[in-house]
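Beneath this line is the structure, given in C-alpha cells, with notes to follow.
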Amino acid sequence: MNGPADGGPPPNLDRERLLHHLDTMWRIRAFEEAALRGLADGHVRGAIHPSIGQEAVATAVCLNLARADLLLSTHRGHGHTLAKGADAQAMMRELFGREGGTCGGKGGSMHIADFSVGMLGANGVVSANIPIAVGAAHAIRLRGGTEIVACLFGDGAINRGPFLEGLNWAKIFHLPVLFVCEDNGWSATTRTADLTAGEGAAARAQSLGIPAQILDGNDALALDEAARAAIDDVRAGEGPRLLHVRTYRITGHTAADAAPYRDAAEVEAWRGRDPIRRLADALAHAGVDAARLEEARTRAEAEMADVLANAAAAPWPAPEAAYADVQDIGDPAVRAF
Amino acid sequence: MAITTYLAASTRALAEEMERDPAVWALGEDLGRGGVFGQYKGLQQRFGAARIADTPISEACIMGAAVGAALAGTRPVVEMRFSDFALCATDELINQAAKARFMFGGQAKVPLVARQPVGMWRSSAAQHSQSLEAWYAHVPGLVVVAPGTPADNLGLLKSAIRADDPVVYLEHKDLWAAEGEVPDAEHLVPIGVADTAREGRDLTIVTWSGMRRRCLEAAGTLAAEGIEAEVIDLRTLWPWDRDRVLASVERTRRLLVVHEAVTVAGFGAEIAAFVAEHLHARLAAPVRRLGAPRIPVAYAPPLEDMARVSPEAIVAAARATTAPAAAIAS
Ligand SMILES: Cc1ncc(C[n+]2csc(CCOP(=O)(O)OP(=O)(O)O)c2C)c(N)n1
C-alpha cells in the first residue's frame, strides 16, 4: 500500500524527508553487507547480528528522535545506531576491534555505544536494555529535561522479567519512553510464537495501560507516521508508548547462521516485502527521479566500501588499553611477582 | 563527637550528600516509610518523593534503572533491602553496571551505590542472612565496601556516593543499632584504606563488617592471656589495603583472617594467598582462615549458631596460630 496500484494521482509525500529515510536505509543495508564481507575476510572478529530486512524500523524510530534524545538498543542494533547518527567508520572499526572504534575496540558489535549522539548502548543481554532505558528516562525527569528515550528490543525479549518490570516502571512513574518491539518472528532459532503466551508485546503493554499499536515494520511510510506520532505523545508528557512492529530478518540469527530451520518460501515472501524497495517504489510513484533513487543505493555502497577499507587499515588498540576504564578506585592490574 | 548508631550515621551520610549534590537520589522499596530498617527515615519528607523514590518490588529494574540513570548523568543510591534480593539484580549489577564503562571505551561512568544489608541476624534463615562479598570482589569494575562502625558508615557511604564507580555497599544488619563516636564535622573515609582497630605484636587478625566487634572482643580475651593481637578492619574489600596488611604481618609474622561468610572461596582466601605469596619466608606459622562452614544459615537458634563465628572460636584460632607448635619449622 505504498501508493495506488491503479496509477491514480501520486500521494502527497514529503519527498525530502522520505529521501533521507531511503538514504539512511540504504546506508544501513550497505553497512551490514560490508560488515558481512568483513566477516568473511576475517576482519570482523566476533558474532554480528544483521538487521537486513528490518531497516525501516531503525529509520522510522531513530530519524524521528532529536539528537539529544536517548536510545537503548540490542545485539541487532547497527541500524538503530547508524540512524541515530553514529559515525559509520567508527562503527566498522568497532566491529573490527580496531583503534578509533566507537568504544575503542572494547565492545564490538553487541556493545556499540555513541554517547555523543545519545546512543547509550547496544546490549549483549536480551531485555537488559529495558530497565536501563527507563532509568535514563527517570534521570531526564529528575533533571527536568525535555528529552525522551527510545528503547528497541526483539520479540524474544518480552519473555524475560525485565520487560514486565521496565514497562510497569515506565507506566507508574509516567516516564518519557517509547518502547519498540521489533518482532521478526524468531527468538534466535526458535519461532517466538511457540514460546509466547497471549498476543505478544502490544497486548502485554496494553494490559499495563500503556497505549500500543501493531504495525507493519516493512512499510516505511506508515511506520514513520506512527513513530512520529508516538514520539510526539511521549514528548508531550503523555507517558510511555509501545510500538509492536512486525518485520523479518532476511539473514540468519547471526551472520554465521544459515537458518536451515526456516522455510525457504517464508524467506522469499518476506524478501518480496523488502522495506527499502517499497519505499523507493512509493517515491518513484510520487515522481522522484529514478536516477536519484538509484543514487541512494550507489552512494551508500560507495561510502561503506570506503568505510570497510579504512577499517581494515586501522591499527589494533594498544594492549595497555585493556587496563583503562575499568574503574577509578583500585588498581585493575594484577601485580606480577 | 557525638555517640550515634550505625543506622543513624547512614541516614546522615545520605542526607548530607543529597544536600550537597542535587544529582544524588535514592530508589528502592518502602523508602518513603523509612526503608525496611528505618535507615531512610525522614528523608522523603525532607527531599521529596522524586529524590527518595518508592519503587515496585522489581529488583532487576531498580538496579537496571540505576544503571540507566547513572549513564544519563545522575548519581543513584540503590537500596536492595537485603543483599539476598540483590541476586535478582545480578545481570544489572554484574553485566551492566560493572561493565558499561569499559565496554563503551570510557564514554561514560556508572556512579551508583548498591546498598545491600548483609549478614546474620536473628533467625532470619537462609534467604535473609548471607554474606556474599567475595562474589563482588571478584568482578572487575566494582568497588566493595563493608563498614563496621557508625563513623565508618558515615564516612564510607559519603565517599561511595561521591565515587564515580559502581560501589557495592554492604551494611551489616546486626550493626544497625551499634553505637559509636561519630565526628560532628564533615567526615569522609577514603575507600581502600583499612583501619587498625587495635595494635598488637603477636599476630595480625584481618577482618571486616560485623566481625570487627567479635575480633575486638576476642583480642581482649587474648590480651588477658598475654597474646597481643593486632586487629585490622579492612573496611573496603576492593580495593583492599594490602600494604597495611603486609606491614602488619611483616611485624607479627602470624595471620588469621576472620569473616562471617563461608570460609570456602571466601575473601579470606584471597588475603591468605596474597600474604603467603609475599611473606612466606617471614611467616612463623601457617596463615589461617576462620569463617562459616559451607552450610546455609538455619532458622532455629542452635542451628543458626553453627554458622556463626563466635569470639571463642576466634580466640581458639588465634591461640592455635600463636602456639609454639604452630611455628613453621625452618
Ligand atoms: C538473557 C539472554 N539470554 C539469551 C541470550 C542469547 N540470545 C542472543 S539473541 C537471542 C534471541 C533474541 O531474540 P529477540 O529478542 O527476538 O531478538 P532478535 O535476535 O530476533 O533480534 C538470544 C536467545 C542473550 N543474549 N541474553
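In what follows, chains are A, B, ... by sequence order, proteins preceding strands, each numbered from 1.
Ranked by non-hydrogen atom pairs under 4.5 Å with chain B, the options Pro317(A), Ala136(A), Gly330(A) are led by Ala136(A). In terms of heavy-atom pairs under 4.5 angstrom with chain A, the leader among Gly105(B), Ala23(B), Pro76(B) is Gly105(B). Between chain B and the options Ile130(A), Val125(A), Val149(A), Leu120(A), the largest number of non-hydrogen pairs under 4.5 Å is found for Val125(A). Most heavy-atom pairs under 4.5 Å with chain B, from the set Asn123(A), Asn168(A), Leu70(A): that is Asn123(A). The candidate with the highest count of non-hydrogen atom pairs below 4.5 Å against chain B, out of Asp114(A), Leu72(A), Ile112(A), Leu164(A), is Asp114(A). Contacts with chain B were tallied for Arg141(A), Glu147(A), His111(A); His111(A) has the most, counting heavy-atom pairs under 4.5 Å. Across Gly192(B), Cys88(B), Ala72(B), the residue that shares the most heavy-atom pairs under 4.5 angstrom with chain A is Ala72(B). Of the listed residues (Thr236(B), Leu142(B), Val167(B)), the one with the most heavy-atom contacts under 4.5 Å to chain A is Leu142(B). Of the listed residues (Phe104(B), Trp25(B), Trp240(B)), the greatest number of heavy-atom pairs within a distance under 4.5 Å of chain A belongs to Phe104(B).
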| Yes or no on side-chain hydrogen bond (donor to acceptor under 3.5 Å, both in side chains) for Thr196(A) and Asn159(A), after CA distance, side-chain angles and deciding distance? | CA-CA 7 Å; Thr196(A) 307; Asn159(A) 287 324; 3.1 Å; yes
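Residue Asp164(B) touches chain A through both its backbone and its side chain, counting heavy-atom pairs closer than 4.5 Å. Only the backbone of Asp54(B) comes within contact range of chain A, with at least one heavy atom under 4.5 Å from a heavy atom of that chain. For Lys109(B), the part lying under 4.5 angstrom from a heavy atom of chain A is the side chain only. Using a 4.5 Å cut-off between heavy atoms, Ile140(A) does not touch chain B at all. In this structure, chain B has a heavy atom under 4.5 Å from the backbone of Ala322(A), while its side chain stays farther away.
The aromatic rings of His259(B) and Trp208(B) sit tilted relative to each other, their planes meeting at an angle between 30° and 60°.
Applying side chain to side chain donor-acceptor pair (under 3.5 Å) to Arg76(A) and the options His253(A), Glu182(A), His49(A) leaves one that passes, His253(A).
Not counting sequence neighbours, the partners of Glu186(B) by the side-chain hydrogen bond (donor to acceptor under 3.5 Å, both in side chains) test are Lys158(B), Arg162(B). Residues that satisfy the ring-ring contact (aromatic ring centres under 6.0 Å, His included) test with Phe31(A), not counting sequence neighbours, are His78(A).
Asp241(B) places none of its side-chain heavy atoms less than 4.5 Å from the side chain of Ile232(B). Residues Val287(B) and Leu255(B) have side chains in contact (heavy-atom distance under 4.5 Å, counting atoms from C-beta outward).
Figure legend: cation-pi geometry between Arg98(A) and Trp316(A), with NZ or CZ positioned under 6.0 Å from the six-membered ring centre and within 45° of its axis.
Sparse packing is recorded around CZ of Arg45(A), with 12 or fewer heavy atoms of other residues, nucleotides or ligands lying under 6.0 Å away.
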Side-chain donor/acceptor pairs under 3.5 Å, residues 236-243 of chain A, sequence neighbours excluded:
from, atom 1, to, atom 2, distance (Å)
Glu238(A), OE1, Arg241(A), NH2, 2.9
Arg241(A), NE, Asp233(A), OD2, 3.4

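Heavy-atom neighbours of chain B within the stretch residues 86-97 of chain A, taken at a separation under 4.5 angstrom, are nonexistent.
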